[in-house]
Amino acid sequence: MQSYDVLVVGCGPVGAVLAARLSAAGLDVLVVERSLSVHPLPRAVAADDEVQELLDRVAPGCLADAVQDVPVRFLGARGQPIGALRFPAGVGGRPGLALFHQPTLEARLRAAVAAEVRLGVALDALSQDQAGVTAALSDGSSVRASWLVGCDGAGSAVRAAVGIAWSGRDLRRWLVVDVAGAVPADGFTYRCDPVRPSVDMPLPGGHRWEWLLEDGEPAFDPAPLLPAGVEVVRCVEYRYAARRASSWRAGRVLLAGDAAHTMPPFAGQGLGAGVRDAWALGALLPRGEVDRYEALRGPHVREMTRLSLFLGAVLETRVRPAAALRDAALGAAFRTPVLGPWLGRGGPRDSRSGVLEL
Ligand SMILES: Cc1cc2nc3c(=O)[nH]c(=O)nc-3n(C[C@H](O)[C@H](O)[C@H](O)COP(=O)(O)OP(=O)(O)OC[C@H]3O[C@@H](n4cnc5c(N)ncnc54)[C@H](O)[C@@H]3O)c2cc1C
């Protein structure tokens with residue numbers, strides 16, 4: 001049976017960052033990924049300055065074509081501007097916000113992985129003892145590793161195999177539409193319209209819209225709302241969720257990224273949280289300091305989840321009087337001498353998670 005220092009299950013963005021970092025540290029790493037190619041549908045679009053820095057350390061230039069530094073605008077119930085923010089440049093002078101194409105990013109991260117990668121191979125089962133983990137793979141082989149890290153997404157088979165509880169809640173349904181083509185845009189816009197809340201943003205070579213859907217409503221057709229001449233490259237419905245694994249470690253098995261936690265995308269922090277996990281674990285594992293992992297990462301993930309849920313609640317208000325109150329309160333907050341400038345710089349979003357120095 002072949003043996004490795006670390007078996008990474010899943011080569012999405014989180015598995016790729018982890019594998020690249022562990023092999024750069026000299027560990028013998030095997031990555032198994034059940035798909036033959038990167039997930040073709042863009043999900044994440046936004047990265048803050050710290051996440052850009054981490055991604056760039058793994059795959060230099062991987063965000064070179066990102067749309068950078070656009071203003072983030074909040075429009076109220078009648079479409080009136082109620083406030084805008086511009087995240088300041090951060091670590092290494094990187095823009096506070098970069099908007100990217102996830103499949104392109106994932107392909108560039110994968111190309112930076114110097115470890116052995118088996119594509120089209122899934123983890124089927126695992127067992128562990130005090131010295132390591134034995135994994136049965138879908139190609140019929142079994143491998144042994146000192147550590148196994150589940151980077152296998154929200155539906156994690158690794159998490160299920162070691163019996164870690166997964167708790168939290170389902171949230172609302174949203175329709176996500178990406179188009180290719182030139183679309184005039186004033187920035188990243190939260191449209192807090194109680195009739196149909198939506199978000200839209202420029203992307204490299206195109207634009208994205210996200211519309212809230214109500215359970216039980218007749219099918220919503222976004223076509224009349226799209227500009228003429230654009231090509232729809234994806235139109236997919238998601239039910240967002242906020243969930244967390246009760247522990248990110250069981251013996252010699254660890255979890256990272258969506259396998260450990262999910263949040264709605266309103267603060268653009270889900271992928272970023274996973275990249276930070278991978279960066280942290282990539283430093284702590286070779287040093288024998290895995291005990292620090294969850295304590296280091298947990299608080300920032302919790303904070304970003306709270307922020308994402310708060311932004312969702314602000315945006316998703318459907319009752320007109322509540323929406324009018326929200327607009328008045330938010331508008332007043334943006335105009336207040338100290339609070340206003342703080343909100344204008346991004347308010348409670350803190351991109352410094354403490355992993356950069358690891
Ligand atoms: C609409 C939408 C918008 C979003 N916007 C943002 C955003 O702007 N910013 C942000 O930071 N985040 C955002 N996110 C979240 C982000 O997309 C995820 O957090 C991120 O993709 C998670 O990465 P991951 O590597 O943990 O998991 P995944 O991307 O799910 O990758 C898991 C990988 O594991 C593989 N796998 C699964 N099971 C097995 C197995 N048994 N054996 C082998 N391989 C396996 C899968 O094939 C997959 O390649 C958004 C999400 C959605 C849905």
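Order of listing sets the numbers, starting from 1, for every ligand and every atom in it. On a predicted model such as this, the values are computed, not experimentally measured, just so you know.
- Residues R73 and T189 have side chains that bring a donor and an acceptor to within less than 3.5 angstrom of each other.
- A continuous path of Ile, Leu, Val, Met, Phe, Trp and Tyr side chains, each step under 4.5 Å between heavy atoms, connects L105 with V8, placing both in one hydrophobic cluster.
- Each of the following atoms of ligand 1 lies closer than 4.0 Å to a heavy atom of V45: 5 (N), 6 (C), 7 (C), 8 (O).
- Note on ligand 1: Q269 sits in its first shell, one or more heavy atoms being nearer than 4.0 Å.
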_side chain to side chain contact (heavy atoms under 4.5 Å, CB included) evaluation trace for R249 with W147_ = CA-CA 11 Å; R249 177 182 177 185; W147 294 94; 3.5 Å; yes

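- Sparse packing is recorded around CZ of R169, with 12 or fewer heavy atoms of other residues, nucleotides or ligands lying under 6.0 Å away.
- The side-chain hydrogen bond (donor to acceptor under 3.5 Å, both in side chains) test with R94 singles out one residue from E50, Q52, E53, and that residue is E53.
- Of all protein heavy atoms, the one lying nearest to atom 32 (C) of ligand 1 is C151 O, 3.5 Å.
- Atom 6 (C) of ligand 1 has its closest protein heavy atom at A44 CA, 3.2 Å.
- Considering backbone and side-chain atoms alike, L271 places an N or O below 3.5 Å from some N or O of ligand 1.
- Comment: D170 does not engage R239 in a salt bridge, judged by the lack of any side-chain N to carboxylate O separation of less than 4.0 angstrom.
- Between R318 and E316 there is no salt bridge, since no side-chain nitrogen of the basic residue lies less than 4.0 Å from a carboxylate oxygen of the acidic one.
- Each of the following atoms of ligand 1 lies closer than 4.0 Å to a heavy atom of S35: 47 (O).
- Relative orientation of the Y240 and Y238 rings is parallel, given thresholds of 30° and 60° on the angle between their planes.
- Close contacts of ligand 1 with G12, meaning ligand atoms under 4.0 Å from a residue heavy atom, involve 25 (O), 31 (O), 33 (C), 49 (O).
- Annotation: atom 21 (O) of ligand 1 to nearest protein heavy atom, Q102 NE2, 3.1 Å.
- A cation-pi arrangement is absent between R297 and W248, since the terminal nitrogen or guanidinium carbon is not both under 6.0 Å from the aromatic centre and inside a 45° cone about the axis.
- In this structure, the protein non-hydrogen atom closest to atom 29 (O) of ligand 1 is R43 NH2, 2.8 Å.
- The protein heavy atom nearest to atom 46 (C) of ligand 1 is E33 OE2, 3.5 Å.
- Of all atoms in ligand 1, numbered sequentially from 1 with element shown, those under 4.0 Å from a heavy atom of V32 are 43 (C), 44 (N).
- Taking distance alone, with nitrogen or oxygen atoms compared against 3.5 Å, G272 approaches ligand 1 more closely than that limit.
- Close approach of ligand 1 to V121 is summarised as follows: ligand atoms under 4.0 Å from at least one heavy atom of the residue are 43 (C).
- The shortest N or O to N or O distance between A46 and ligand 1 is under 3.5 Å.
- Remark: distances from the non-hydrogen atoms of Y240 to ligand 1 include one below 4.0 Å.
- Heavy-atom proximity to A122, at under 4.0 Å, picks out these atoms of ligand 1: 42 (N), 43 (C).
- Side-chain contact, T305 with R244: no donor N or O sits under 3.5 Å from an acceptor N or O.
- Every N/O-N/O distance between G257 and ligand 1 stays at or above 3.5 Å.
- Closest protein heavy atom to atom 24 (P) of ligand 1: V14 CG2, 3.7 Å.
- Nearest non-hydrogen protein atom to atom 44 (N) of ligand 1 is R34 N, 3.2 Å.
- Near V9, meaning under 4.0 Å from one of its heavy atoms, ligand 1 places the atoms 40 (C), 42 (N), 43 (C).
- Any N or O atom pair closer than 3.5 Å counts here, and D258 shares at least one such pair with ligand 1.
- Of the heavy atoms in R208, only side-chain atoms (C-beta onward) come closer than 4.0 Å to ligand 1.
- Between R43 and D258 there is no salt bridge, since no side-chain nitrogen of the basic residue lies less than 4.0 Å from a carboxylate oxygen of the acidic one.
- Ring planes of H207 and W209: tilted class, angle from 30 to 60°.
- Other residues, nucleotides and ligands contribute at most 12 non-hydrogen atoms within 6.0 Å of the CZ atom of F310.
- Protein heavy atom in closest approach to atom 42 (N) of ligand 1: L123 N, 3.0 Å.
- A distance of 10.0 Å separates NE2 in H39 from OG in S37, rounded to the nearest 0.5 Å.
- Residue-ligand proximity: H261 is placed with every non-hydrogen atom at 4.0 Å or more from ligand 1.
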